[in-house]
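One structure below.
Small disclaimer: the values here were computed from a predicted structure and weren't measured.
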Amino acid sequence: MTESEVETAALEIISEMGYKILYGPDIAPDGISPERKSYSDVVLVKRLRDAVNRINPDIPGETREEAVKKVLRTESPQLITNNQNFHKKLVEGLDVEYRRKDGSIANDKVWIFDFKNPHNNEFLAVNQFTVIENNNNRRPDIILFINGLPLVVIELKNPADENATLWTAFNQLETYKNQIPTLFPYNEIMVISDGIEARSGTITSNKERFMPWKTIEGKEIAPSAMPQLEVLFQGMLDKKILLDLIRHFIVFEQERQDIHKKLAAYHQYHAVNKALETTFRASSPQGDKRCGVVWHTQGSGKSLTMAFYTGKLVLTLDNPTIVVLTDRNDLDDQLFGTFSRCHELLRQKPEQATSRDQLKDLLRVASGGIVFTTIQKFFPEEKGNRYPLLSERRNIIVIADEAHRSQYDFIDGFAKHMRDALPNASFIGFTGTPIEKSDRSTPAVFGNYIDIYDIEQAVEDGATVRIYYESRLAKLELKQDERPKIDPEFEEVTEGEEVEKKEKLKSKWARLEAIVGSEKRIKIIAKDIVDHFEKRLEVLDGKGMIVCMSRRICIDLHNEIVKLRPKWYDRDDDKGIIKVIMTGSASDDLSWQEHIRTKPRRRALGDRMKDPDDPLKIAIVRDMWLTGFDAPSLHTMYIDKPMRSHGLMQAIARVNRVFKDKPGGLVVDYLGIADELKKALSEYTESGGRGKTTLDKEEAVALMLEKYELTAALFHRFDYTKFFTASSREKMSLIPAAMDFIIKQENGKERYLEYVTRLSQAFALAVPHEEALRIRDEVGFFQAIRSGLIKTTVIAGKTQEELDSAIRQIISKAIVSDKVIDIFDSVGLKKPDISILSDEFLEDVKRMPHKNLAFELLRKLLNDEIKTRSKKNLIQSKSFANMLEKAIKRYQNKSIETAQIIEELIELAKEMREARLRGEKLNLNDEELAFYDALEVNDSAVKVLGDEKLTIIARELVDTVRNNVTIDWTLKESVQAKLRVMVKRILKKYGYPPDKQKKATETVLEQAKLICKDLAEM
């Protein structure tokens, strides 16, 4: 299968969906039906103008033309800014002014798309659309144009080519953004596929944010037998869905210094549209005002789903007022921050009610508005009073975040007071955890589930990673009376209550806090956390969070950790490895004041924690950051605080975010929350959720030992354990011997590379379990061998994937240095210049005792050299590639021994070296030599012409090709036909044998394609 076949199949699917298909070279500036003035033009302007005229018939012609110019105009040197500006014009229309016939001024809009009637837009797919910018020539596989605008870029790879992966397609799009940025101000969606897998993202999406699309028409997950590419095309690029996505499901969020463009995943898209249907029914005069509950597991983008829902609701319901409710100030701030960053999607800026009076003022409006408030503001000022009526309108929608009975007090609080204030409002709940089966009041207020996206589906989709649980209680060696016991009747005190009502704290809470925060216990926990976390960091890049029961314990634990690791501390907010995040007041103890920060300072520390490259590694929290806080590199959470039910589930979900190849998150228990986790799992599965809320750490250990056994079995009858007691010199000889042993097994290298990758992932999950520490040195050794094999023998190493890894290589005491991994050093070879491959080097390889390794080494070097030549000299590279392939096949078929194949490869290396020197002897440069070789110079009928005449022909061919190729000429039959005639004339002119001319002409044209690849780069 070839890449062009994948492209053809993709175009067939797109054509069946009603898109018109055009071939890029046909509409190029020099094509048969040109639609572009130059190769730097990326908009099909006539189609855009026709669409604007068709969609806006009542707007004067000159005003429509001015609108077209505005669309084509870019205003910033920043690509993302231009993209955001264009998106705004696209979804909001262009504001225009013109004079009516009666002389008055009209304020109106010109629309680029007809969102109400999808069929009034023109949908076009163009393949091989060449763009040239700053001498960079690039040709994306397929671009989807709507009304002449290049909105979707699709990059495809060949599933049969092991080196052409989904991520090489991703890397190619990154190159396009860098080299032909003029294409991307208009881009809304990017799609990558290797013919099997398919994912989509935006111009700011990193690898983790390129997500699959799993449904067609949103009914259910498409069958696994159906190719992902087809599911994504039919489910996402369907005309109606694509327009809906562009208008309502793309958002630009400013985070720190960066703007991130975010596109809804399939579960967000379908949940929002389902929620809108139930909202219209519930808020209608006949509706019961219960819109339902959306249950999307934590980490799957619930806050953005709420923003997408609100944005579309604002446009589709009659100017509604939206009230967004949380039960805590920090949650209110976080959600308000998300909505504020999405204000363009919402078509307005949300308001945050800071007091009861302001809340009342904001809700007494006649229509419109998005109001954020905490539930506490809906309690009447005096107990027993009714909350005053604020509005009787039906188009008020109340969105409750984490809609659970325990948080909103449905019996005597939320439902009653909200009904008093807003008797005709409709209610919708969003939650990351299921509603408890025993909870009848939540469905009574909100209604039934609208949509469920559970843990299992989120992990399958790559939206989240699994969470593992580890109890460290036994490690603390505390006497029975020193161990905290959580009373079933225990009631948690919030951080706010602790600040405001210190003297009135509940006695059960205060007694438990005294035991949990005893000096001895804190010292033991501090030492354990430092040891545990340092071992985690050795194998997994990322961050940790410690959750304590009180602010006092947070500070005491911080101080104990700092005593053990003084270098981790810095009073400056911008520096230091560890910080306490908490609220407080001026009346708190003086020694606490450095940890009590204002909201902007806490936000700045949050930004540091979210940045994987920032030195801040550990946050100690009490309540802050346990819900809604998203730091993908966070992989370990230490819990020393009583938590239960959805509060516990929300907290542990901080470690389930996707980050590079992070294999999972870990929750470490110091207080005995295992029973609460079991209860939470029981509630979760009873509600219909699939997958486990947490997996026991022992499962990770079992997985690690399984992968360890598989890897170690590949060394059966090879004693690698000698390595750990050997001298440095002996180690140097053991590494190549181990590599040789792996290589000589059937598919040994491929199996080994896969096994060690899986082992490293499982090991990173299991550390610092004693079983992991027991095999640590062996894992380090296995990784060293893996690195050596990749560097030395893998023809197309996964360099980028290696660099993007969150899993660190273990350079343990057993592995003395990186030098050991360098195979050239360890076998006593100097690194070769592959273009020279001197006799001395080849002799050294020949004498290597490890023949299998010598063969792999030579094979890689020759392959690399052939690959280099294939970019310049067609005949040479083909000839040497065939020779290499035949030799390797004979070896693989066992018809020749290892020693013999090494001899053959050494001879081939010498031939390649001689071939490189031929140009110098003939006084030809590399290009001229390539055309010389294309003339079949070894054919006896051609040889009679002599070297002198053949070199003249070669030079003239180079000049002719250089002077006559045009952009995209390789795709245009007319240009190729013209060039074919010219080549034939030259051959005839110099007496080239007539019967050989046809083949030589075709070979010369093939060579010309290589020479001019810089003009027509794929």
Side-chain angles (χ1 to χ4, degrees), residues 711-757 759-760 777-798 802 809-834 837-864 888 891-892 897-906 909:
T711 310
L714 287 176
F715 285 107
H716 180 57
R717 293 189 178 164
F718 181 91
D719 186 9
Y720 63 82
T721 57
K722 291 186 292 187
F723 182 87
F724 306 114
T725 53
S727 66
S728 295
R729 191 171 176 185
E730 288 168 330
K731 284 179 181 179
M732 292 288 274
S733 61
L734 260 167
I735 290 270
M739 289 167 67
D740 190 73
F741 187 81
I742 293 295
I743 291 164
K744 73 181 177 188
Q745 298 172 52
E746 190 170 346
N747 295 327
K749 181 177 65 180
E750 291 75 15
R751 285 188 293 151
Y752 185 83
L753 294 178
E754 185 188 340
Y755 291 174
V756 178
T757 299
L759 171 59
S760 298
D777 284 349
E778 288 173 82
V779 174
F781 174 80
F782 295 153
Q783 286 180 339
I785 301 300
R786 179 180 180 275
S787 296
L789 285 169
I790 286 174
K791 289 179 184 178
T792 314
T793 69
V794 175
I795 290 152
K798 296 181 180 177
E802 296 286 313
Q809 299 296 293
I810 304 165
I811 306 298
S812 64
K813 290 169 190 170
I815 312 297
V816 285
S817 76
D818 248 345
K819 282 187 182 174
V820 176
I821 299 168
D822 191 328
I823 188 61
F824 294 105
D825 278 354
S826 59
V827 295
L829 294 173
K830 288 180 181 174
K831 276 195 177 171
D833 177 343
I834 60 169
L837 295 176
S838 67
D839 287 335
E840 183 190 357
F841 174 79
L842 294 171
E843 273 305 306
D844 286 343
V845 172
K846 192 174 174 180
R847 286 196 297 270
M848 276 174 66
H850 311 299
K851 298 301 178 193
N852 298 294
L853 183 55
F855 160 65
E856 288 286 350
L857 185 64
L858 274 172
R859 179 187 183 181
K860 175 179 166 56
L861 291 170
L862 295 177
N863 251 307
D864 288 347
I888 288 167
Y891 173 63
Q892 287 170 339
E897 296 298 319
T898 313
Q900 195 178 339
I901 182 73
I902 289 170
E903 289 281 358
E904 288 194 20
L905 295 190
I906 286 172

Interatomic spacing from [atom1] in [X] to [atom2] in [Y] - rounded to 0.5 Å:
| X | Y | atom1 | atom2 | answer |
| --- | --- | --- | --- | --- |
| F715 | T721 | CZ | OG1 | 11.5 Å |
| D719 | F741 | CG | CZ | 10.5 Å |
| T711 | L753 | OG1 | CG | 11.0 Å |
| L789 | E750 | CG | CD | 9.5 Å |
| Q745 | D740 | CD | CG | 10.5 Å |
| L714 | I742 | CG | CD1 | 5.0 Å |

- Query: So Y720 and F724, would you call those rings parallel, tilted or perpendicular, with 30° and 60° as cut-offs?
  - Reply: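 The rings of Y720 and F724 stand perpendicular, inter-plane angle above 60°.
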- Task: Please report the closest heavy-atom contact between F781 and A738, naming both atoms and the distance.
- Result: CZ-CB, 3.9 Å
- Closest non-hydrogen atom pair between F782 and Y752, with its separation: O-OH, 2.8 Å
- Message: side-chain contact (heavy atoms from CB on, under 4.5 Å) for R786 and T757? Distances and angles first, verdict last.
- Response: CA-CA 9 Å; R786 179 180 180 275; T757 299; 3.1 Å; yes
